[in-house]
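Before any comments, here is the structure.
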Amino acid sequence: MTKELGLYELVLLLKFTTTEQETISKIENFRNFFTERGSQVMVKNHGKISLAYPIKGFDTATYIQLVYLGNGELIKQLNTQNQRDETILRAVTTKLVDQNIPELFANAN
């Protein structure tokens with residue numbers, strides 16, 4: 001029995017030392033990760049932000065926000081991938097409860 005899909009948000013803080021092209025490539029890798037597994041994803045690159053406190057010696061980071069459909073198995077695979085990626089300073093996944101957000105997927109693309 002597969003678990004029902006839920007709506008999740010992933011916030012990524014990437015090392016700011018990455019170039020613009022590397023950031024775009026990383027976003028495409030995440031987009032492909034989700035679509036290859038039958039999920040839908042919306043991505044927003046918020047660009048450079050100043051951090052409230054240093055993370056792994058960095059005071060600034062590139063802030064990426066992803067909203068996707070997933071379940072526990074997808075999140076486990078995603079967490080494994082994030083832990084192996086050295087350019088990710090912090091990755092936080094939260095479950096969204098707003099019922100209006102799935103309508104955004106119908107209009108996205």
Side-chain angles (χ1 to χ4, degrees):
M1 181 173 157
T2 60
K3 188 173 179 180
E4 188 175 321
L5 294 177
L7 197 61
Y8 294 89
E9 177 186 44
L10 172 63
V11 173
L12 294 171
L13 296 178
L14 304 176
K15 291 180 180 178
F16 191 67
T17 56
T18 59
T19 65
E20 182 73 24
Q21 188 58 40
E22 288 173 325
T23 302
I24 291 169
S25 175
K26 179 132 337 255
I27 290 171
E28 282 305 311
N29 287 341
F30 275 102
R31 207 174 255 137
N32 292 337
F33 174 86
F34 289 110
T35 56
E36 288 171 358
R37 288 159 179 80
S39 182
Q40 295 179 357
V41 64
M42 292 187 306
V43 181
K44 181 160 184 180
N45 181 352
H46 292 277
K48 177 183 174 182
I49 62 164
S50 295
L51 301 175
Y53 55 90
I55 300 175
K56 297 181 183 177
F58 288 86
D59 293 326
T60 58
T62 302
Y63 171 33
I64 309 291
Q65 177 185 20
L66 300 99
V67 177
Y68 63 94
L69 293 171
N71 59 18
E73 184 60 35
L74 181 68
I75 292 171
K76 281 184 2 185
Q77 293 174 10
L78 182 63
N79 287 341
T80 301
Q81 178 178 318
N82 290 345
Q83 290 171 353
R84 293 178 180 159
D85 191 336
E86 294 180 6
T87 62
I88 297 176
L89 297 174
R90 185 74 38 94
V92 179
T93 300
T94 55
K95 185 168 184 170
L96 300 176
V97 293
D98 187 353
Q99 298 302 317
N100 296 327
I101 295 179
E103 296 170 6
L104 295 174
F105 282 105
N107 298 328
N109 288 337

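Hydrogens, waters and symmetry mates play no part in the numbers below; they use all other heavy atoms, side chains included. Note that the coordinates shown come from a computational prediction; the quantities given were computed from them, not determined experimentally.
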First locate atom [atom1] of [X], then atom [atom2] of [Y], and finally report the distance between them rounded to the nearest 0.5 Å.
X   : Y   : atom1 : atom2 : answer
K76 : N79 : NZ    : CG    : 10.5 Å
D85 : K15 : CG    : NZ    : 9.0 Å
F16 : L89 : CZ    : CG    : 12.0 Å
N29 : R31 : CG    : CZ    : 11.0 Å

Practice item. Tell me whether L13 is reachable from V43 by hopping between hydrophobic residues (I, L, V, M, F, W, Y) whose side-chain heavy atoms are closer than 4.5 Å. Key: no
**Study point:** Name of the residue among L78, L7, L5 meeting side chain to side chain contact (heavy atoms under 4.5 Å, CB included) with Y68
**Key:** L78
Check your understanding: Among L12, N45, L14, which one satisfies side chain to side chain contact (heavy atoms under 4.5 Å, CB included) with K26?
Key -> L14
Revision key, fill the gap. Hits for side-chain contact (heavy atoms from CB on, under 4.5 Å) against T80, two or more places apart or cross-chain, chain-then-number order -> R84
Return a table of donor-acceptor pairs under 3.5 angstrom between the side chains of residues 48-66 and protein atoms on other chains or two or more places apart.
{"unit_1": "Y53", "atom_1": "OH", "unit_2": "R90", "atom_2": "NH1", "d": "3.3"}
{"unit_1": "Q65", "atom_1": "OE1", "unit_2": "H46", "atom_2": "NE2", "d": "2.9"}
{"unit_1": "Q65", "atom_1": "NE2", "unit_2": "E9", "atom_2": "OE2", "d": "2.4"}

Point to revise | Minimum heavy-atom distance F30-Q81, with the two atoms named | key: CE2-NE2, 4.0 Å
Check your understanding: What's the shortest heavy-atom distance between T17 and E22, and which atoms?
Key -> O-OE1, 4.4 Å
Exercise for review: Would you mind reporting whether N82 and T93 have side-chain heavy atoms less than 4.5 Å apart?
Suggested key: no
Exercise for review: Apply side chain to side chain contact (heavy atoms under 4.5 Å, CB included) to L74 and F34, showing your working.
Suggested key: CA-CA 8 Å; L74 181 68; F34 289 110; 3.9 Å; yes
**Study point:** Qualifying residues under ring pair (Phe, Tyr, Trp, His ring centres under 6.0 Å), relative to F33, sequence neighbours excluded
**Key:** none
